[in-house]
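Computed from heavy atoms alone, side chains included, the values below leave out hydrogens, waters and symmetry copies. Atoms within each ligand, like the ligands themselves, are counted from 1 in listed order.
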Amino acid sequence: MAVLVLRNAKVLDVAGGQLIAGRDVVVEGGRITAVHDSQPAVSDAEVIDVGGLTVMPGLIDLHVHVTAVRMDLGSQVRMPNAFVLLRTLPILERMLMRGFTTVRDAGGAERALADAIEEGLAVGPRLFVSGRALSQTGGHGDFRARSDYLEISDACACAFRIGSVARIVDGVDAVRKAVREELQMGAHQIKIMASGGVASPTDPIDALGYSTDEIRAIVAEAVARHTYVMAHAYTPEAIIRAVECGVRTIEHGNLVDAEAAGVMAKNGAFAVPTLVTYRALVEQGPALGLSPESVSKAHSVLQRGLQSLRILQDAGVKIGYGSDLLADAHLRQNEEFLIRSEVQTPQQVLAGATTIAAEVLRMEGQLGVVAEGAIADLLVLEGNPLESLQALSKPDESLRMIVKEGVIVKRNGL
Ligand code: ZN
Ligand code: ZN
């Protein structure tokens, strides 16, 4: 097995909040086998002198939709599967090139995509998929237009169309079966819509999604397979309800208050805010086919974004990195670093995209760290991210090298 050595690196220790200079990072078989003071090379190793640049763990985005190829998610349900797949491939590749070596898909991506990437059939980040998100009728996953008649056949399209990010399922027995089906098809975790949302047409933001009986059944089925539930939720009421039913990660959470944040902290629930997407929906949505109802809903949660971050931070909730971008807005994925810098320290923001994200994925020590034994996902860049996140916000220019599981996927001037 070939050995790769990144020589003369400043290694970023996110948890310790420090850069450690003069280090070699040794990689073999996709893993980091040593991080030590620079020393003479092993005879047949490929040695790359990074000249004192920063070496940090590959980034993790905990909330993406790699199959969101259109802003109007409702319309892509009827897109031919081949079109959705072919448009998904460049989205995956560009995410990796922005430094995200691992992403958690919050609805839409199926296990085959994760496996195809692992096999080398497609280029992209390591994927943790949710299969299709679960939504009640009239919930955030129900993209049918308001009408005087519900077209049942439309709802069924979500069972086989890969452009669908969610499926509609109601009732305790039915949701149990749906969770079992998603897990049978290879979902790593289960995603539910526990409140109204922005991109969907007929559900008010403050609507609750699912009864507590349904949420408890969903959580029980996920836990029985040793995984967990992530819930889309905006209001304090929806957040508290979901967390008390056993949901482990709260997605978005823009309208959180101190009480709801306290419940999250007490129960060890994680927050995954996705602030950049509301900017994108408001600024780019109208031109990209987002409905006027959705644009107006995006406005209503955008204003509370930074405040929610402050409330979560003050309550001691662990905050992971999320972006939740759709279609052409995907290129703004790294803007979230700068938005968060308005409230969090660079170290806190970095932890969200590395160590805390690894905890959410139950991959502590494997992902999100440059340490012996970890999977070799590495970025080489100029500057000190603990002082400024500007470089990470411009990955095309700043990332000099990207290594995913020991394989160099980008190399620029090194
Ligand atoms: Zn959502
Ligand atoms: Zn989402």
Side-chain angles (χ1 to χ4, degrees), residues 60-74 76-77 88 91 95 100 103-110 127-136 138-143 158 163-168 182 187-210 215 218 229-235 238-239 242 247-256 269-282 285 290 293-294 297-298 300-302 304-305 308 320-327 329-330 332-333 336 357 360:
I60 302 169
D61 189 331
L62 291 172
H63 193 123
V64 300
H65 298 277
V66 300
T67 59
V69 301
R70 280 191 184 166
M71 258 292 164
D72 177 6
L73 288 175
Q76 72 167 44
V77 173
T88 293
I91 290 175
M95 273 188 191
F100 290 93
V103 300
R104 185 177 64 155
D105 193 277
E110 56 187 297
L127 278 179
F128 286 79
V129 302
S130 307
R132 285 171 199 83
L134 273 47
S135 165
Q136 67 167 55
H140 178 47
D142 189 340
F143 287 91
C158 66
S164 178
V165 297
R167 58 189 284 184
I168 299 165
E182 293 303 334
H188 294 98
Q189 66 282 323
I190 294 297
K191 164 79 181 295
I192 65 167
M193 305 306 194
S195 85
V198 170
S200 40
T202 64
D203 54 325
I205 295 278
D206 63 358
L208 295 173
Y210 283 126
I215 299 176
I218 291 165
V229 177
M230 54 192 287
H232 158 110
Y234 284 107
T235 58
I239 293 168
V247 164
R248 185 161 170 265
T249 77
I250 294 293
E251 311 298 306
H252 319 302
N254 298 43
L255 307 179
V256 71
F270 295 83
V272 182
T274 59
L275 303 180
V276 64
T277 199
Y278 307 104
R279 297 198 181 182
L281 291 170
V282 166
L290 191 69
E293 295 91 336
S294 291
K297 290 202 276 186
S300 72
V301 292
L302 172 67
R304 292 288 298 276
S308 71
Y321 192 94
S323 58
D324 198 25
L325 292 159
L326 311 174
H330 272 117
R332 304 176 70 157
Q333 192 174 15
E336 183 79 13
V360 168

Review point. Any donor-acceptor pair under 3.5 Å linking the side chain of Asp324 with the backbone of His63?
Key: no

Check your understanding: Taking the side chain from Ser130 and the backbone from Asp105, do they hold a donor-acceptor pair closer than 3.5 Å?
Key -> yes

Review point. Would Glu182 and Arg167 satisfy salt bridge (charged side-chain N to carboxylate O under 4.0 Å, His left out), going step by step from the backbone distance to the final call?
Key: CA-CA 10 Å; Glu182 293 303 334; Arg167 58 189 284 184; 2.7 Å; yes

Study note, to complete from the structure: dist Ile205:CD1 -> Ser195:OG (nearest 0.5 Å) comes out at 6.5 Å

Check your understanding: Can you tell me the N, O or S atom of His65 that's nearest the Zn ion (ligand 2)?
Key -> NE2

Study note, to complete from the structure: Protein N/O/S atoms closer than 2.8 Å to the Zn ion (ligand 1) number 2

Review point. Given Val301 and His252, is the side-chain contact (heavy atoms from CB on, under 4.5 Å) satisfied, shown in steps?
Key: CA-CA 9 Å; Val301 292; His252 319 302; over 6 Å; no

Revision key, fill the gap. Residue set satisfying ring-ring contact (aromatic ring centres under 6.0 Å, His included) with Tyr321, at least two apart, ordered chain then number -> Phe100, Phe337

